[in-house]
Engineer: 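So that we are looking at the same thing, I have put the structure below in structure tokens.
In what follows, chains carry the letters A, B, and so on, assigned in the order in which the sequence lines appear, proteins first and then strands, with residues in each chain numbered from 1. Basis for what follows: all heavy atoms, side chains included, without hydrogens, waters or symmetry-related copies.
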Amino acid sequence: MTDVSVSRIRNFSIIAHIDHGKSTLADRLLQVTGTVAQRKMKEQFLDSMDLERERGITIKLQAARMDYTAKNGEKYVLNLIDTPGHVDFSYEVSRSLAACEGALLVVDASQGVEAQTLANVYLALENDLEIIPVLNKIDLPGADPDRVIEEIEEVIGLDCTDAIRASAKQGIGVDEILEAIVKEVPPPQDTVEEPLRALIFDSYYDPYRGVIVYFRVMDGCVKQGDRVRLMASKKEYAIDELGILSPGQIPIDTLHAGEVGYFSAAIKAVEDARVGDTITLATEPAETALPGYTEAKPMVFCGLFPTDSEQYEDLRDALEKLKLNDAALSYEPETSTAMGFGFRCGFLGLLHMEIVQERLEREYNLDLITTAPSVIYRVTTTSGETFEFDNPSQLPPPGNREIIEEPYVRIEMITPEEYVGTLMELCQARRGEFKDMKYLTPTRTTLVYELPLAEVVTDFFNQLKSRSRGYASMEYQILGYRENDLVRLDVMVNGDPVDSLATIVHRDKAYPVGRSLTEKLKELIPRHQFKIPLQASIGSRIIASEHIPALRKDVLAKCYGGDISRKKKLLQKQAKGKKRMKSIGTVDVPQEAFMAVLRLES
Amino acid sequence: MFIINYPQAAYLHIPFCRRRCYYCDFAISVVGDNATGETSQSIARYVDAICQEIQQGVKFDAPLQTVFFGGGTPSLLSVGQLERILAVLDACLGIAPQAEISMEVDPGTFTLPQIQGYTQAGVNRFSLGVQSFDDEILQACGRSHRRKDIFQAVDLLRQVGVQNFSLDLISGLPHQTLTQWQNTLQEAIAIAPRHISSYDLVLEPVTAFGKQYQPGEKPLPNDEDTAEMYRLAQQELTRAGFEHYEISNYAQPGFQCRHNRVYWRNEPYYGLGMGAASYFNGQRFGRSRTRREYYDWIEKGCPIISPVSDDTEILLETLMLGLRLATGINLDRMAANFGENTVTQIKSILKSERDRGLVHWDRHSLRLSDPEGFLWSNTILAKLFDQLTST
């Protein structure tokens, strides 16, 4: 690799909504610049996790260095820094953007701007990035680039005179995009002479080499063998291997200001080299770290329990391994009377939670029961002490608490106007406070509400999608804590309180929630040989009750030669169902029941 | 220990029916109210096919001890067709001199000469699809016969001197009350058959009933009542001298269905015809449930493609089937086949059921109690399945 002058470097990322074609465009850029040979091309090169490829979304970002000879005959180095496309990872997005000078704003020419895109564009603008609008999928019959241009100009206030009309899939507009990157995106500042400061925008754990750190050099130089200090974690390491991403790792001796690369240094967990941390030299450290570093703060919690209690140790090992690679994941042991031993886990948001659960089940072959997600509440006791908790069972009894507060979010939805009514109903039902509504175009609207986070984590997103037939998109940001009249709703099955079913609800909603919760449980818990009372209570006061009538018989009337295989399968299914249930006293409760609170009509 | 490892029982499926009853999900073909074996092309073609299957299928060197014509409505076969099938069976597989040869017949579908012919061809046991004596209920089930057809059918059988016949009854039908069911049982007893099968209605999802009704909800009787109907049948029929020898089957002493006992003892059998399943060489094999595919399969030479059951599967099947019988599981045979440990394990799994009187055992056998153990047989079996496969 030849040394490259700072003025010939262009660092950029791609901002796009899910399905608007970010990965396809990235693939196309790699192909056109000859970075990845045609035959090595897997579809969606940048999304390397199976899960990402399946969902068509990027969870962990990566980077690629491309060599490009522009129309003016000059050679340039283009670094594409990929960003995860989901609200849960907005911190990671902001750090990736901070490593760039420019961004491609990719918008589907038929779909228009979505809430998520908007949020990321604002992040890019905050980071002072040059934004190049690209209208993708212009080859599709429904494409209406003029309308979408108008929308971008209106909503974001971005001049779209030179917006590029492209189809990443067909290869249309790709050359124009490359030229625009060279022309529009400013080169990094030439601060090669200053003390080293490099920004970590991603890191992952490799079982053989330890953590691989992806970074952008902001100032100074870094060399193979340098002893570096991470300014936030305050740890020091000697660099074992330094290199660039092309997109495979290629070792190199030195990297200077403006360049993007990776290093490994026998770092044991990504926690020690977190996104946003600043790398400097141990021998001549920079005075200040780069701005913007924040600790990961889990916002959503749930209990994870192995279906088979013998898998507890396996679950611990799996969480430990995931944690090596995921600084935002937190977990601690939890014991539940209904579920036995498991872990209380904290996540950045709902998608993060789902991803972790799926990886545990898929990659580690665990069979898990998940409790309904909850948030961190803050309670002040009568003795004036304040503490935080996320598990309803930790709420002190009514006599001992003065104030309970819960986190609120500001949620921004973008929706076709015909769904405004139903989405407002949804937000009202979720204790939302209306803040704002604006027409983006005559038919598309943004709707802003402030809602308790607890109401958002319980199935809000699915409701939004189903009420708007998939057309609405949303984005939220945490606002802070607000006091509310909250109570703990306990649930008793056959007279036994079930800790995993307890939830914290607003007093005004306790009755309807209690009623629908017991009704839902009646549907989900199979009939037993005895009658099962189901009750919801606040303290000792029963506010809703139902009962599951006793089963009177369970017998196959007919079983002859032709029926044997089928009847055996039925019994095996019944046996398997039993296996996946948890016993609460003498009652077998299926796993879905522990998520029942999520499925209440709202 | 003696294990029968070659089939000595044959089931032949005759899939034709005049109509499809609203509770039925069997592999059948509807041929209309006027069809007979003589006039129906489809039946003729099918008889050819089943004979072909017998001729080119797997054979073991042991004569059949039992033959069972089930359906469908086997009484839609002409005497000639039945004679031909039996002749091919005898020629290819052999039929033992004292073999039990059963045939399902539906009221209103046969004549005196037909019964004479069937008996002369060798049929020595008939099973009459009565289901109910109540015309309204029969109509509500989509049955093609009525109450009077039942008595006429019984007369025809008796005229030919057939005493060994069975009546099929169904409890838990729409609008049925306990009193009606009691009457049905009394009328059945009054006919004095040698055997009665009494089935609690199974609501199969693909049937008209399954699509229309929810189990335990009106117009179906609730399951408290259907459980009571089950107990009532047990009480009334045993009082009338029938042995309750299987969950849904009752017989006068000496008249249990030998063919069906083969299934419940988990012994091998041939299954012939569309939709029929066979069990031999450790392989359970279900034939296709459509005629076209069944005919294609015969064209290919009747290949049996099916995995061989492993020990666990055989154990589960032995339990599932054996516990249907009043005599239960033979523990000596179970210990010999699956080890003494398995027997110990089964007993320890079922301890609480024994304490509750649902299961009984002694040194040589383990069985469900009648009627309470039978009523909970699935729960008990699911528990066994769960725990025997978890280790």
Engineer: Which atom pairs, one donor and one acceptor, sit under 3.5 Å between chain B and chain A?
Structural biologist:
from   : atom 1 : to     : atom 2 : distance (Å)
B:Y199 : OH     : A:Y560 : OH     : 2.5
B:D200 : OD2    : A:K553 : NZ     : 2.6
B:E204 : OE1    : A:R566 : NH2    : 2.7
B:E204 : OE2    : A:R566 : NH2    : 3.3
B:D223 : OD1    : A:R527 : NH2    : 3.2
B:D223 : OD2    : A:R527 : NH2    : 3.2
B:E224 : OE1    : A:R552 : NE     : 3.4
B:E224 : OE1    : A:R552 : NH2    : 3.2
B:T226 : OG1    : A:K553 : NZ     : 3.3
B:S248 : OG     : A:A557 : O      : 2.6
B:N249 : ND2    : A:Y560 : OH     : 3.0
B:W264 : NE1    : A:C559 : O      : 2.8
B:Y269 : OH     : A:G561 : O      : 2.7
B:E313 : OE2    : A:K568 : NZ     : 3.3
B:E317 : OE2    : A:K568 : NZ     : 2.8
B:R324 : NH1    : A:L556 : O      : 3.1
B:R324 : NH2    : A:L556 : O      : 2.9
B:R324 : NH2    : A:A557 : O      : 2.9
B:R356 : NH2    : A:Q529 : OE1    : 2.3
B:L375 : O      : A:D554 : N      : 2.6
B:S377 : N      : A:D554 : O      : 3.3
B:N378 : N      : A:D554 : O      : 2.8
B:N378 : ND2    : A:D554 : OD1    : 3.3
B:T379 : N      : A:D554 : OD2    : 3.0
B:T379 : OG1    : A:D554 : OD2    : 2.6
B:D386 : O      : A:K579 : NZ     : 3.4
B:D386 : OD1    : A:K579 : NZ     : 3.4

Engineer: Which atom pair, heavy atoms only, marks the closest approach of A:G562 to B:A277?
Structural biologist: CA-CB, 3.9 Å

Engineer: Select, from A:G577, A:C559, A:A550, the one with the greatest count of heavy-atom pairs under 4.5 Å involving chain B.
Structural biologist: A:C559

Engineer: By side-chain contact (heavy atoms from CB on, under 4.5 Å), which residues pair with A:L315, not counting sequence neighbours?
Structural biologist: A:P306, A:L319, A:F343, A:L360, A:L366, A:L368

Engineer: Can you confirm whether B:V202 sits close enough to A:L556 that some side-chain heavy atom of one is under 4.5 Å from a side-chain heavy atom of the other?
Structural biologist: no

Engineer: Please look at A:L551 and chain B and tell me whether the side chain, the backbone, both or neither of the residue comes under 4.5 angstrom of a heavy atom of that chain.
Structural biologist: both

Engineer: Between B:L321, B:L375, B:I170, which has the largest tally of heavy atom pairs under 4.5 Å with chain A?
Structural biologist: B:L375

Engineer: Partners of B:F69 by ring-ring contact (aromatic ring centres under 6.0 Å, His included), sequence neighbours excluded?
Structural biologist: none

Engineer: Around atom CZ of B:F26, are there more than 12 heavy atoms of other residues, nucleotides or ligands at under 6.0 Å?
Structural biologist: no

